[in-house]
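Data block below; observations after.
First listed ligand is number 1; within each ligand, the first listed atom is number 1.
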Amino acid sequence: MAKRDFLTLLDCSPQELRALTQRAAELKRQQRAGTARRSLVGYTGALIMQLQSTRTRVAFEAGMQQLGGSLIFLSPADSQFGRGEPIADTARVLSEMVDVLMIRSTSHEDVQSLAEAAAIPVINAMTAQHHPCQLLADMQTFEELRGPVAGRRVAFLGDGYNMCNSYINAARQWGFDLRIACPSGYEPAAELLAPAGNAALVQSPHEAVEGADLVVTDVWSSMGHEEETAQRRERFAPYQVNEALLDQAAANALFLHCLPAHRGEEVNHTVLDDPRSGAWVAAGNRLHSQKALLEFLLGVF
Ligand code: CP
């Protein structure tokens with residue numbers, strides 16, 4: 001059977017994505033009931049992190065361990081790719097030693113090159129263009145807390161960057177309507193938006209949020225944009241999510257943020273702890289959804 005990669009949400013069919021989130025929910029129930037099966041005994045993964053991570057790394061490391069497998073963490077400081085070994089060479093070598101690769105890199109092209117050269121599944125643990133693992137957890141969380149997301153209205157506020165891009169793909173795959181409000185000059189790429197008939201740019205945060213069932217934001221200065229922080233604070237200020245903005249959404253709206261958050265910027269100091277916030281549940285669901293993804297790519301469910 002040909003190996004499968006997970007570089008964007010478009011690498012899976014809508015049916016496969018639904019099965020993944022259902023399996024993640026089942027793994028969560030089993031873990032809490034103490035009935036989880038060690039489905040990945042004998043499997044080893046390698047996690048290449050070219051950028052910092054807390055949630056993604058711990059979810060993969062703890063997840064692999066809980067399923068009976070093991071994971072090797074590789075950072076540029078202590079690996080040859082940090083000294084310039086070509087990514088394709090790394091892929092070929094690691095394919096001889098482990099069963100699955102996970103990589104976080106600013107360069108989506110590097111992740112694609114790794115996947116092309118690897119004989120084993122490759123998972124995008126976040127690039128500048130996409131963050132599909134976060135979307136698995138977000139969709140699991142919405143459905144856990146609010147029911148099916150298909151046909152719902154979702155608002156994305158802020159930077160048209162990797163999280164926004166992945167929400168555009170999610171709108172296609174899960175069948176919800178997405179309204180995106182970004183400051184001018186920070187919109188997502190037109191070629192990504194064009195095929196998504198149910199995703200559209202709107203003029204203001206108010207227009208995006210009005211009647212929304214889910215409101216989502218992300219940091220204004222993602223990793224690699226830190227030097228633009230002061231300028232972005234000014235441009236993005238009207239896009240801050242706070243309780244007053246959420247009051248304009250649907251009565252039972254959910255708020256999600258992938259974290260880490262910058263309180264006082266894209267969120268105020270209290271909204272993450274508002275009863276409408278599912279951010280902490282989503283962070284925990286990274287564990288279960290990434291376990292389901294590992295099982296799926298390794299062919300054990
Ligand atoms: N949301 C997210 O990917 O968190 P980390 O950067 O901590 O992995």
Inset, instruction - May I ask whether Gln134 places a heavy atom under 4.0 Å from ligand 1? - result: yes
Legend entry - Nearest neighbour in protein (non-hydrogen) for atom 6 (O) of ligand 1: Arg104 NH1, 2.8 Å
Legend entry - Under 4.0 Å to a heavy atom of Cys258 - the qualifying atoms of ligand 1, by number: 1 (N)
Legend entry - Any side-chain heavy-atom pair of Cys133 and Ser289 under 4.5 Å: no
Residues 254-266 side chain polar contacts: donor-acceptor under 3.5 Å, at least two apart:
from   : atom 1 : to     : atom 2 : distance (Å)
His257 : ND1    : Leu259 : N      : 2.8
His257 : NE2    : Glu266 : OE2    : 2.6
Glu265 : OE2    : Arg233 : NE     : 2.6
Glu265 : OE2    : Arg233 : NH2    : 2.8
Glu266 : OE2    : His262 : N      : 2.8

Inset, instruction - Please say whether Leu259 places an N or O atom under 3.5 Å from an N or O atom belonging to ligand 1. - result: yes
Legend entry - Side-chain donor or acceptor of Lys3 paired with backbone N/O of Ala119 under 3.5 Å: no
Legend entry - Heavy-atom check, side chain of Ile123 versus side chain of Leu101, under 4.5 Å: no
Legend entry - Salt-bridge criterion met for Glu26 and Arg29 (N-O under 4.0 Å): no
Legend entry - For atom 4 (O) of ligand 1, the protein heavy atom that lies nearest, with its residue and separation: Arg55 NE, 2.9 Å
Inset, instruction - Give the atoms of ligand 1, by number and element, whose distance to some non-hydrogen atom of Thr56 is under 4.0 Å. - result: 2 (C), 3 (O), 5 (P), 8 (O)
Inset, instruction - Distance to 0.1 Å, residue and atom name: give those for the protein heavy atom nearest to atom 2 (C) of ligand 1. - result: Arg286 NH1, 3.3 Å
Legend entry - Atom indices of ligand 1, in the order listed, that fall short of 4.0 Å to a heavy atom of Thr54: 5 (P), 7 (O), 8 (O)
Inset, instruction - For Asp99 and Gly45, indicate whether the former's side chain and the latter's backbone hold a donor-acceptor pair under 3.5 Å. - result: no
Legend entry - ligand 1 atoms in contact with His131 (distance to a heavy atom under 4.0 Å): 1 (N), 2 (C), 3 (O)
Distance-only criterion, 3.5 Å: show the donor-acceptor pairs between side-chain atoms of residues 172-181 and protein atoms not counting sequence neighbours.
from   : atom 1 : to     : atom 2 : distance (Å)
Gln173 : NE2    : Leu9   : O      : 3.0
Gln173 : NE2    : Cys12  : O      : 2.7
Arg179 : NH1    : Glu207 : O      : 3.4
Arg179 : NH2    : Ala208 : O      : 3.4
Arg179 : NH2    : Glu210 : O      : 2.7

